[in-house]
2 protein chains.
Amino acid sequence: MTVEGTIVETVDAFHRGRFHLVQPKGIGHRSGMDAMLLAALVAGEGPMRVADLGAGAGAAGLAVAARIAGAEVLLVERSPLMAAFARKTLALPSNACFAGRAEVLEADVGLSGRARRQAGLADDVFDHVIMNPPFNDRIHCRTPDALKAEAHAMDDDLFERWIRTAGAIMRPGGQLSLIARPQSVAAIVDACGRRFGALEITPLHARAGEIALRILVTGIKGSRGGLALRMPIVMHEDGLHAFTPFVNALNNGLAAYPRLPRP
Amino acid sequence: MTVEGTIVETVDAFHRGRFHLVQPKGIGHRSGMDAMLLAALVAGEGPMRVADLGAGAGAAGLAVAARIAGAEVLLVERSPLMAAFARKTLALPSNACFAGRAEVLEADVGLSGRARRQAGLADDVFDHVIMNPPFNDRIHCRTPDALKAEAHAMDDDLFERWIRTAGAIMRPGGQLSLIARPQSVAAIVDACGRRFGALEITPLHARAGEIALRILVTGIKGSRGGLALRMPIVMHEDGLHAFTPFVNALNNGLAAYPRLPRP
């Protein structure tokens, strides 16, 4: 990656320093809260195989690997630049305790059928698939930065293609987890279609009284269960800058946000 | 309606006795909380023209007429039996103060084009369209009662047809309001499509910590505004049987639940 000489990179701590991420500065999508909340949707102890689709530098997938000792994680990223950062991240000494359970696959999540399998995404193997799909934030998309545009170029068809891949590579009964904008709720539910059931949607609000910034969505491959709309998660208590203790725990890998008990 | 001799009917008070509803007992859909919350989505003072699609005995539409002195309400109902109950409701002396502003139209909401107009639903005339579409509640649909089955027979196509009609009969800038199950969120958003924008979705929970029982949805005809997922309304405080003061006010016609201020 000769281009790297021209890119300023940062090493950012997550989970109170229990793992670090090498990220380009000023270009591409920088991971943060969204990735940590997405990772919190994976509950249980493992062993489990987890695929992070559109992994970027690996934030969400590695947050799962750092919290769950039995998790083996595949970071799937199309951009050679971001995949290179994911590999750099895995090479950091401070990530050594889980780097052996993580791998980077440079592949386009939108591929299907034989092309997908040939790219390294086999059928019916993962227990969990997580994704934080890129979206087109109309307010903030004024930048000409091509890499950021790619990470934020979102449309309904993208959910259809990404969730189709998630359904294909997951074992029956496996769990899809994603974080997205509320505006995408119909595209997500439609794409889950008959592939995923027992959907659970949790709105995420910065503060009580404000509209939701994100939705957290999980579903089970092949389930015929109905959709459940859960109580929202509110990140900040009124008048306080800090996260609530629960959100802080999710953000720092100290707790998962499990699915509802079902009969 | 010779059949009426065989049907037990009740007269039920709403809005703390400010209006009454004649309903069949033991058959058909009996109106209650859902209809009152739906009516609360219509804010403002009037004058305004309001259509209640699938009005049944008229609960939601008459709750609007009872609260908003300037509202003229058309109750649209396909079932001759339920339309007859709506007419009986309007004839009650206790409803005299707004009965002059309400009318019953026996018509199928699912009609389109010329058939719809010929049935009495003209283009571009209403300021508000409200609907509490029938749904198929899998837990409670064990009854062989045909009328209840009709009121609860719901599918995605029904939202498409009903919202198409709502879009056709409403003036540009008019407001769609509906109450539905969370399971229908994608069908509703898809049906709103380019007809309605600036959608607002509010989950309704019986108690904090439980999953949502309903969603309240509003949208504006022709708007290009984005979808907003609002904070939920919780009906009961922990451990209490009574409604919260806010829900009590909505249920009794003492307050509306207005849309968000938008630029």
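Lettering of chains follows the sequences in order, A, B, ..., and the numbering in each one begins at 1.
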Strictly by ring-ring contact (aromatic ring centres under 6.0 Å, His included), give each pair with a member in residues 162-211 of chain B just once, sequence neighbours left out.
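ring-ring contact (aromatic ring centres under 6.0 Å, His included) check on residues 162-211 of chain B returns no pairs.
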
Residues which pass salt bridge (charged side-chain N to carboxylate O under 4.0 Å, His left out) with B:Arg171, listed by chain and number, not counting sequence neighbours
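With neighbours one apart ignored, the set is B:Asp127.
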
Sequence neighbours left out, what passes salt bridge (charged side-chain N to carboxylate O under 4.0 Å, His left out) with B:Arg259? Give chain and number order.
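Scan of B:Arg259 (salt bridge (charged side-chain N to carboxylate O under 4.0 Å, His left out), adjacent residues dropped) gives B:Glu200.
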
Let me know if A:Leu213 has heavy atoms under 4.5 Å from chain B in its side chain, its backbone, both or neither.
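For A:Leu213, no heavy atom lies under 4.5 Å from chain B.
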
Contact origin within A:Ile188 toward chain B - heavy atom pairs under 4.5 Å
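For A:Ile188, no heavy atom lies under 4.5 Å from chain B.
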
Measuring from A:Ile211:CD1 to B:Ile201:CD1, what's the distance to the nearest 0.5 Å?
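Here the interatomic distance stands at 11.0 Å.
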
Sort by residue number and list every member of residues 240-248 of chain A having a non-hydrogen atom under 4.5 Å from chain B.
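From residues 240-248 of chain A, none sit under 4.5 Å of chain B.
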
Closest approach of A:Met231 to B:Pro232 (non-hydrogen atoms, all atoms of both residues)
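Nearest heavy atoms, A:Met231 then B:Pro232: SD-CG, 4.4 Å.
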
To check you understand the geometry: which heavy-atom pair defines the closest contact between B:Leu227 and A:Pro182, and what is its length?
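What the structure gives for the nearest pair is CD2-O, 3.7 Å.
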
Side chains of A:Ile215 and B:Leu229 in contact at under 4.5 Å (non-hydrogen atoms):
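In short, these two side chains touch, coming nearer than 4.5 Å.
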
Please classify the contact of B:Leu199 with chain A as side chain, backbone, both or neither, using a heavy-atom distance under 4.5 Å.
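Looking at B:Leu199, nothing touches chain A.
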
